K.L.:
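Before I ask anything, let me first share the structure, which is written out below as structure tokens.
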Number of protein chains: 2
Amino acid sequence: MKLLIIDDEPAITETLEAKFRKEGFSTFVADSAEEGMRLFKRVKPDLIILDIMLPNRSGFDLCRAVRKEFATPIIFVSARADEGDRIKGLEMGADDYVTKPFNMSELVARVKAILRRSTGEPVQDIIERGNLRIDPRTHLAQLDGEPMNLSPKEFALLYFLARNSGQVFTREALLDRVWGKDAYVSSRTVDVHIRWLRMRIETDANQPERLVTVRGIGYKFVG
Amino acid sequence: MKLLIIDDEPAITETLEAKFRKEGFSTFVADSAEEGMRLFKRVKPDLIILDIMLPNRSGFDLCRAVRKEFATPIIFVSARADEGDRIKGLEMGADDYVTKPFNMSELVARVKAILRRSTGEPVQDIIERGNLRIDPRTHLAQLDGEPMNLSPKEFALLYFLARNSGQVFTREALLDRVWGKDAYVSSRTVDVHIRWLRMRIETDANQPERLVTVRGIGYKFVG
DNA sequence: ACCGTCGGTTAAGAAATCGTAAAGGAAGCG
DNA sequence: CGCTTCCTTTACGATTTCTTAACCGACGGT
């Protein structure tokens with residue numbers, strides 16, 4: 001299990017690193033958001049422990065950047081017990097929020113709980129449907145073994161529909177669950193993304209066999 | 001969805017049971033760890049709500065025993081806001097940890113969230129009537145295994161009538177419940193849709209056996 | 001049998017829905 | 001700052017679906 005720790009206080013990072021190594025994790029440390037982003041892309045950690053108060057860009061920005069493409073669990077760490085920050089963090093998709101000074105054992109327990117939840121068997125990570133293979137962990141989608149170059153939204157939409165294969169979703173439901181609950185976007189936007197996906201995975205985009213329209217309802221993945 | 005509640009305070013279990021039954025869960029109650037383990041093995045619940053403070057063996061032991069073999073989600077409930085317990089609970093594999101007194105609606109929300117994550121599907125809505133099969137989740141209607149291509153209204157009407165098989169509905173009632181309360185259309189519109197459905201599911205459209213007219217009243221589904 | 005009402009049937013026009021292309025804007029990146 | 005990629009909106013046309021209206025036969029009461 002790989003852990004990415006992003007904090008600019010050496011005292012903190014050293015303590016965390018020692019503790020988590022003892023618990024059997026591989027740890028990577030960055031002392032800025034930029035360095036953190038670089039490391040993230042390179043090592044693709046299983047979880048991020050992120051300090052909000054960072055030089056230059058705040059931790060919020062990094063969280064947003066990561067969440068745009070990946071579902072990697074993020075735990076916020078902050079010196080401020082500010083309730084506003086807490087809410088902001090959780091709204092942004094953080095999986096947990098811990099204020100300094102924190103109990104080290106508690107943090108370890110929370111990390112383990114989140115990892116168990118996010119990597120546990122109920123959620124099958126890699127999805128295979130016919131000649132289609134989607135791996136959310138590496139953010140790689142393949143068609144007949146050939147990597148497709150999907151945009152973040154395309155990927156998220158295809159992954160969601162393929163994961164819930166057969167089930168029909170209205171455009172609104174897709175916006176809720178792929179775009180996010182608070183995305184105020186025209187529902188026709190879904191159509192456009194569906195079209196782009198069809199051009200990639202359908203042999204004949206006029207006779208869709210995988211991404212099927214259910215007239216009056218929405219779309220579903222078949223296969 | 002089956003819920004196993006393990007707590008030795010009748011006041012708590014009764015409240016929980018009432019609330020979750022109202023939400024549509026099947027509930028099973030045990031007032032000790034031993035009884036809880038017996039019930040667990042027999043009913044294989046989808047989720048366990050577990051009090052830590054139990055006579056004889058503590059809830060921790062039960063959690064460990066269950067987790068040795070099964071991945072059933074467990075929510076801990078405790079009167080103590082003791083940080084040590086909290087950590088212990090999370091470390092042991094609890095999926096959540098709630099301290100008494102707790103907000104009932106919040107607990108329901110957490111239970112639903114965890115179940116959604118671990119099973120991915122809510123309820124079984126599929127209707128089967130003879131050679132007819134209607135699945136609203138995939139929006140697929142089949143006759144002898146062959147998919148019929150129903151329009152949205154046709155699908156909704158057939159699903160409603162089949163679901164309330166045997167019951168007669170006036171055209172107005174059908175408009176209310178299939179078209180919607182605020183639909184302002186002629187009641188004869190129903191006749192037309194009934195005809196289209198008959199042409200699809202009746203062997204002899206002149207002698208309807210499934211979508212039967214009740215003269216002077218309306219229509220009913222037989223089967 | 002007669003007559004009034006009810007339901008069956010059909011076709012045409014209206015309305016809704018979807019596919020598609022293209023333009024503008026936002027955000028990331030060097 | 002300029003470039004690129006990605007996202008969203010919008011408009012128009014094609015197609016499907018819905019509704020209405022009209023006509024006709026069937027049924028039931030008298």
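We name chains A, B, ... by the order of the sequence lines, and we start the count at 1 in each one. Because the structure is a prediction, the values reported are computed rather than measured.
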K.L.:
When you measure from the side chain of B:Arg171 to the backbone of B:Val190, do you find a donor-acceptor pair of N or O atoms at a distance under 3.5 Å?
P.N.:
no
K.L.:
Distances for protein N/O vs nucleotides 28-30 of chain C N/O pairs under 3.5 angstrom?
P.N.:
from, atom 1, to, atom 2, distance (Å)
C:dG28, OP1, A:Lys68, NZ, 3.2
C:dC29, OP1, A:Lys41, NZ, 3.4

K.L.:
Can any side-chain N or O of A:Ser165 pair as donor or acceptor with the backbone N or O of A:Gly223 at less than 3.5 Å?
P.N.:
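Pair found, side chain donor or acceptor close to backbone of A:Gly223.
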K.L.:
Grab the CG-P distance between A:Asp191 and D:dT10 for me, whole Å please.
P.N.:
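After rounding, the reported distance stands at 14 Å.
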K.L.:
Expressed in angstrom and rounded to an integer, what is the separation of B:Arg171 atom CZ from C:dC6 atom C1'?
P.N.:
8 Å
K.L.:
Rounded off to whole Å, could you give me the CD-to-C1' distance for the A:Glu172 and C:dC18 pair?
P.N.:
14 Å
K.L.:
Give me each pair satisfying salt bridge (Lys or Arg N to Asp or Glu O under 4.0 Å) with a member in residues 142-156 of chain B, each pair once, sequence neighbours excluded.
P.N.:
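Listed by first then second residue: B:Glu154-B:Arg200.
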K.L.:
By the ring-ring contact (aromatic ring centres under 6.0 Å, His included) test, which pairs, at least two apart or in different chains, include something from residues 195-223 of chain B?
P.N.:
B:His193-B:Trp196
K.L.:
When we call it a touch if two heavy atoms are under 4.0 Å apart, what does B:Phe155 touch: a base, just sugar-phosphate, or nothing?
P.N.:
nothing
K.L.:
By the salt bridge (Lys or Arg N to Asp or Glu O under 4.0 Å) test, which pairs, at least two apart or in different chains, include something from residues 204-216 of chain B?
P.N.:
none
K.L.:
A:Leu175 CG to D:dC7 P: how many Å, rounded?
P.N.:
13 Å
K.L.:
Base contacts versus sugar-phosphate-only contacts with protein, heavy atoms under 4.0 Å: please encode nucleotides 17-30 of chain D as B, S and - from 5' to 3'.
P.N.:
SBBB------B---
K.L.:
Could you tell me which residues satisfy salt bridge (Lys or Arg N to Asp or Glu O under 4.0 Å) with A:Asp31, sequence neighbours excluded, listed by chain and number?
P.N.:
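Salt bridge (Lys or Arg N to Asp or Glu O under 4.0 Å) check on A:Asp31 returns nothing, list empty.
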K.L.:
Under a 3.5 Å distance rule, please check whether A:Lys2 uses its side chain to pair with a backbone N or O of A:Val43 as donor and acceptor.
P.N.:
yes
K.L.:
Give a yes or no on whether the backbone of A:Leu211 and the side-chain of A:Glu202 come within a donor-acceptor separation of less than 3.5 Å.
P.N.:
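Such a contact is found between A:Glu202 side chain and A:Leu211 backbone.
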K.L.:
If you measure only the distance, is there a donor-acceptor pair under 3.5 Å linking the side chains of B:Thr27 and B:Glu17?
P.N.:
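Yes, B:Glu17 and B:Thr27 have a side-chain donor paired with an acceptor closer than 3.5 Å.
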K.L.:
Just the rounded figure in Å: distance from C1' of C:dT20 to CD of A:Glu202.
P.N.:
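So the two atoms are 16 Å apart, to the nearest Å.
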K.L.:
What is the distance, to the nearest angstrom, from the CG atom on B:Leu197 to the C1' atom on C:dT9?
P.N.:
15 Å
K.L.:
Rounded to whole Å, how long is the line connecting atom CZ of A:Arg198 with atom P of C:dT20?
P.N.:
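Distance check: A:Arg198 CZ to C:dT20 P gives 7 Å.
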K.L.:
Over how many whole Å does the gap from A:Leu157 atom CG to D:dC7 atom C1' extend?
P.N.:
13 Å
